[in-house]
Number of protein chains: 2
Amino acid sequence: MQLTLTGEYAIRAMIHLASLPEGTIVQISQISEQWEIPDNFLRKITAQLSKAGLIFSHRGNAGGIQLARPAETLTLLDVIEAVEGKIYLNKCLIGPQFCSRTSWCAVHIVWCEAQQALKEILTRRSLAELAASTISKFEQYQSLPHGSSPLNSPSQSIS
Amino acid sequence: MQLTLTGEYAIRAMIHLASLPEGTIVQISQISEQWEIPDNFLRKITAQLSKAGLIFSHRGNAGGIQLARPAETLTLLDVIEAVEGKIYLNKCLIGPQFCSRTSWCAVHIVWCEAQQALKEILTRRSLAELAASTISKFEQYQSLPHGSSPLNSPSQSIS
DNA sequence: ACGAATATGAGGAATGCACTCTTATTTGGC
DNA sequence: GCCAAATAAGAGTGCATTCCTCATATTCGT
């Protein structure tokens, strides 16, 4: 009943991309450094994000990854489901083949409600909002002059 | 991000107990039969429920288990946390030692909201309510005469 | 052709899940 | 006291998943 590190890393990477001007291409190694993600592992994760259509990847010289859609149209749920598969808080929510009691079990209804609530919250704010809010709060936290983006300058350690 | 079978089985067993008159003692093997739970595994789970103080267990001849508190005061969250530990939708919710970004990360706030909502839903209805509702729905489903409890009569297969 | 980047697939160690099995220990009835 | 019926406790097993690493392509700009 917990987000895996895979999902957490995917979110970090996507927030990073969402904090940049639309269309910016970033190298994976750059993201892995700034967000403390094992480089090779992040490559696996970005491959999944790419396969799911959330990012474009460009190989070769000056390659990297970029968002495939505007950050305003992306949500945490998109990212999580891209790398972890669809969310099912309980097996009984997958389908009747996993629980024969769904038609008369009151607990099943509770799980329906819980899952709906969870998904609603994970889609309530776009990655664009989250990235913007994160940056502004980080600047407040660090008492930095406004306008310098902490997520893009490698000199600033995020820890 | 899913309830384990351990949690699912624990809920079934507790719903079973909650459907009986207060203070009733049931054998573990009886529950395991009616709810399709491996007998030995259920014994492990009931041991956890007992250690958590949710049920009393009695050994020896005519032994069994019974609710330690009225079913009206028990919730799904109690049961789940008894066998799975406290719910943390993301590691960052456990404490700052798992994520140094909590003070300025907007995603962290979303997880807080999600977890709160989930817990609220899992405590909204008592096991007494859930058991009662399940039984009445089951009777409707089976078109049985009112008053016969499906969860107590071993002759009826629940499948 | 070269070098800088991602893609891909084969692992691999560690952990957790879903159990089983065995050996106590307790209790009530004879 | 003894036996049968029940839980207690702990070890152990098989499997899947998580969280990675590494080696080897493949792609593209110059």
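Order of the sequence lines sets the chain letters (A, B, ...), proteins ahead of strands, with each chain counted from 1.
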Please report, rounded to the nearest Å, how far the [atom2] atom of [N] is from the [atom1] atom of [X].
| X | N | atom1 | atom2 | answer |
| --- | --- | --- | --- | --- |
| B:Leu42 | C:dT20 | CG | C1' | 14 Å |
| B:Ile45 | C:dA18 | CD1 | P | 9 Å |
| B:Met1 | C:dG16 | CE | C1' | 17 Å |
| B:His58 | C:dG28 | NE2 | P | 11 Å |
| B:Glu8 | C:dC17 | CD | P | 15 Å |
| B:Arg43 | C:dT23 | CZ | P | 17 Å |
| A:Ile31 | C:dT6 | CD1 | C1' | 12 Å |
| B:Ile37 | C:dT20 | CD1 | P | 12 Å |

Given D:dT7, is OP1 or OP2 found less than 4.0 Å from the side-chain N or O atoms of B:Ser50? no

Can you measure from OG1 (A:Thr102) to NE2 (A:His108) and round to the nearest 0.5 angstrom? 5.0 Å

Would you call A:Glu72 and A:Arg125 a salt bridge, taking side-chain N to carboxylate O under 4.0 Å as the test? no

Looking at B:Glu113 and A:Arg124, is any side-chain nitrogen of the basic one under 4.0 Å from a carboxylate oxygen of the acidic one? yes

Looking across every strand, which nucleic acid part, if any, lies under 4.0 Å from A:Ile28 by heavy atom: base, sugar-phosphate, or nothing? sugar-phosphate

Check A:Thr75, A:Leu76, A:Asp78, A:Val79 against A:Leu122 for a side chain to side chain contact (heavy atoms under 4.5 Å, CB included) and give me the one that passes. A:Leu76

Footprint string (nucleotides 16-30 of chain D, 5' to 3'): B base within contact, S backbone only, - free, heavy atoms under 4.0 Å: --SBBBB---BBBS-

Is A:Ile87 reachable from B:Val107 through a run of hydrophobic residues whose side-chain heavy atoms are each under 4.5 Å from the next? yes

Take atom CD in B:Glu120; do more than 12 heavy atoms of anything else shown fall under 6.0 Å from it? yes

